[in-house]
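Encoded as structure tokens, the structure appears first; notes follow it.
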2 protein chains.
Amino acid sequence: MLRAAVAFADRDGVEALSMRRLAEDLRVVPMALYKHVADKEALLDGMVEVVVGEIGTPAPSGEWKRAVRDGVLAARRVLLRHRWAYAVLESRKTPTRAVLDYLNAMIGLFRAGGFSADLCHHAMHALGSRVLGFTQELFDDSRGLDPATPPEVVRELARRYPHIAEIALGASHDAGSVVGPGCDDQAEFEFALDVLLDGFERLREREMSRGSRRAAPSRGG
Amino acid sequence: MLRAAVAFADRDGVEALSMRRLAEDLRVVPMALYKHVADKEALLDGMVEVVVGEIGTPAPSGEWKRAVRDGVLAARRVLLRHRWAYAVLESRKTPTRAVLDYLNAMIGLFRAGGFSADLCHHAMHALGSRVLGFTQELFDDSRGLDPATPPEVVRELARRYPHIAEIALGASHDAGSVVGPGCDDQAEFEFALDVLLDGFERLREREMSRGSRRAAPSRGG
DNA sequence: ACCTGAACACCGTTCAAGT
DNA sequence: ACCTGAACACCGTTCAAGT
């Protein structure tokens, strides 16, 4: 029944998922669902559990950086199959078992790589939801500008937001078109991940050479 | 009326905000709200606009890193005053004017600091919602464990999730208590921000010395 | 033309009536 | 004891009836 709910959300989106519609989907009377879940929140908890369970436990490999990177990208692949899961997981107040299992294993990869518990803690916070493969993008710019946008509107936007326009244009390396092709989500995700992992690596090295002194990035300015 | 809606959400949370209750709050008949906004989505758009407008435009200062850091932390201060704004902003499909103004100004700070449009683009993506002061935390662990948790449950958790337990313990530097005091959100936010900014700085330096060659972090492994 | 109450098509969940 | 339909207390929004 949780599987059915996940399939429903995959198909019609989580905003379309109501207890009544899910019951209809299962050819069951609405109140019958309450035999399996306490309420809708519990249903959503269960759905998160199913999805995160699909990720499996990140496996240690020779090098911590590679292992962490692979774990995160594995999580990302699963969560891209269930687009709705991001918002739902984020709305949970309490972590579920599968999430705790995953996080525990990820921390283990850092620890095995020689990170102190303290640096590990910071690193997990710095990754934030990226550890589960989420990109916290402000807006989806992967599709670029709507090709139907009238040219005068494009010009007006470029005038008001020159820096944004420059970036949108820069993303399109084929000249001629004013409208960028949008950018590669996966590449941007990996860029950010690698910047963070490189940073962690430097802090770990500093930590190991300095002994007990606290490792921290420079405070800008 | 947007102000009233913002105040309502600040007071009672955005989940309590309905058209009917907001109308009641304003001592007005529900349908009267539709004179000011097309529908509830437009109301939420307007509320985001008010909040993001409070941030103002990030000012350039001598050094790009300091300017970006200050801009982000200014945004964070505003958004901590309106806790609900994070989820609402994230749920918008289309960026609003105030957000575009802010993003445009932030990009300007990078550009003025000598970043190529391309590196700038990656950096903005890597910051993600952090550019507006959001931490995409998976769960709120800032309160630590509930002190009322029975010791046998704490032991069971520590057995099942040893790495998580170690981190939770490590965060409490005063010994004696099994229950950590939780961690400092602001410090974790600044840690992650500084790791990213340091990473951007290194890539910018590499970019400037290498000329046209593409700057990218190492791919782990 | 404007305002607004009732109504519509939904929710999640309670509860009592049926078996 | 279990199941389930009707009912309750909400939504956002439409629409027609009032002025």
Side-chain angles (χ1 to χ4, degrees), chain A residues 1-52 82-97 99 139, chain B residues 1-52 82-97 99 139:
Chain A
M1 173 250 191
L2 289 176
R3 307 271 175 199
V6 168
F8 188 108
D10 287 344
R11 184 168 16 90
D12 298 336
V14 76
E15 69 285 347
L17 180 76
S18 72
M19 298 300 274
R20 290 165 123 110
R21 291 221 239 183
L22 176 59
E24 197 181 5
D25 201 61
L26 291 167
R27 276 183 248 283
V28 137
V29 87
M31 286 313 296
L33 299 179
Y34 289 81
K35 280 279 101 175
H36 302 87
V37 285
D39 53 19
K40 196 183 181 184
E41 288 298 292
L43 173 67
L44 294 173
D45 280 344
M47 290 167 70
V48 165
E49 210 65 355
V50 168
V51 169
V52 177
H82 309 285
R83 301 280 184 154
W84 50 270
Y86 157 77
V88 174
L89 190 141
E90 193 211 5
S91 70
R92 302 302 85 199
K93 285 136 182 54
T94 290
T96 57
R97 255 182 94 104
V99 173
F139 300 102
Chain B
M1 173 250 193
L2 289 176
R3 307 270 174 200
V6 168
F8 188 109
D10 288 344
R11 184 167 18 89
D12 298 337
V14 77
E15 69 285 347
L17 179 77
S18 71
M19 298 300 273
R20 290 166 123 110
R21 291 220 239 183
L22 177 59
E24 195 182 6
D25 201 60
L26 291 166
R27 276 182 249 282
V28 136
V29 86
M31 285 314 295
L33 298 179
Y34 289 81
K35 281 278 100 173
H36 302 87
V37 285
D39 53 19
K40 196 182 181 185
E41 289 298 292
L43 172 67
L44 294 172
D45 280 343
M47 291 167 69
V48 165
E49 210 65 354
V50 168
V51 169
V52 177
H82 308 286
R83 301 280 184 153
W84 50 270
Y86 156 77
V88 174
L89 191 140
E90 193 212 3
S91 70
R92 303 301 86 198
K93 285 137 181 52
T94 290
T96 57
R97 257 182 93 104
V99 173
F139 300 101

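Because the structure is predicted, anything quoted here is derived from the model rather than measured. Letters go in sequence order (proteins before strands), and every chain restarts at 1.
The separation between A:E41 atom CD and C:dG12 atom C1' is 11 Å, rounded to whole Å. Taking atom CG on A:L22 and atom C1' on C:dC10, their separation rounds to 16 Å, with Å as the unit. Atom P of nucleotide D:dG5 and atom CZ of A:R20 are separated by 13 Å, given to the nearest angstrom. Regarding B:K35, its NZ atom lies at a distance of 15 Å from the C1' atom of D:dT14, rounded to whole Å. The distance between atom CG of A:L17 and atom P of C:dC10, rounded to the nearest whole Å, is 16 Å. When rounded to the nearest whole Å, the span between CG of A:L33 and P of C:dC11 equals 13 Å. Here the C1' atom of nucleotide D:dT4 and the CE atom of A:M19 are 15 Å apart, to the nearest Å. The OH-P distance, from B:Y34 to C:dG5, rounds to 16 Å in whole Å.
Nucleotides C:dG12 and D:dT14 place their C1' atoms 23 Å apart, quoted to the nearest Å.
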ask   = Are B:L22 and B:L33 close enough, and set up right, to give a side-chain contact (heavy atoms from CB on, under 4.5 Å), and what steps lead you there?
value = CA-CA 9 Å; B:L22 177 59; B:L33 298 179; 4.2 Å; yes
request  = Could you please spell out the steps behind the side-chain contact (heavy atoms from CB on, under 4.5 Å) verdict for A:L17 and A:D12?
outcome  = CA-CA 8 Å; A:L17 180 76; A:D12 298 336; over 6 Å; no
request  = Could you walk me through whether B:R92 and B:V99 pass the side-chain contact (heavy atoms from CB on, under 4.5 Å) test, one step at a time?
outcome  = CA-CA 11 Å; B:R92 303 301 86 198; B:V99 173; over 6 Å; no
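Checked against C:dT13, C:dC3, C:dG12, the side chain of A:S18 finds its nearest nucleotide in C:dG12. Of the candidate nucleotides D:dG12, C:dG5, C:dC11, C:dG5 has the atom lying nearest to any side-chain atom of B:M31. Comparing atom distances between the B:V29 side chain and each of C:dG12, D:dG12, C:dG5 picks out C:dG5 as nearest. The side chain of B:R21 sits closest to D:dC11 out of C:dG12, C:dC3, D:dC11. Ranking C:dG12, C:dC3, D:dT13 by closeness to the A:K40 side chain, first place goes to C:dG12.
Base pairing annotation: D:dT19 forms a Watson-Crick or G-U wobble pair with C:dA1, both donor-acceptor distances under 3.5 Å. Across all strands shown, C:dA7 pairs with D:dT13; the Watson-Crick or G-U wobble distances both stay below 3.5 Å.
When the options B:D45, B:V51, B:L44 are evaluated for a side-chain contact (heavy atoms from CB on, under 4.5 Å) with B:V88, the one that passes is B:L44.
Atoms CE and CE, on A:M19 and A:M31 in that order, are 8.0 Å from each other to the nearest 0.5 Å.
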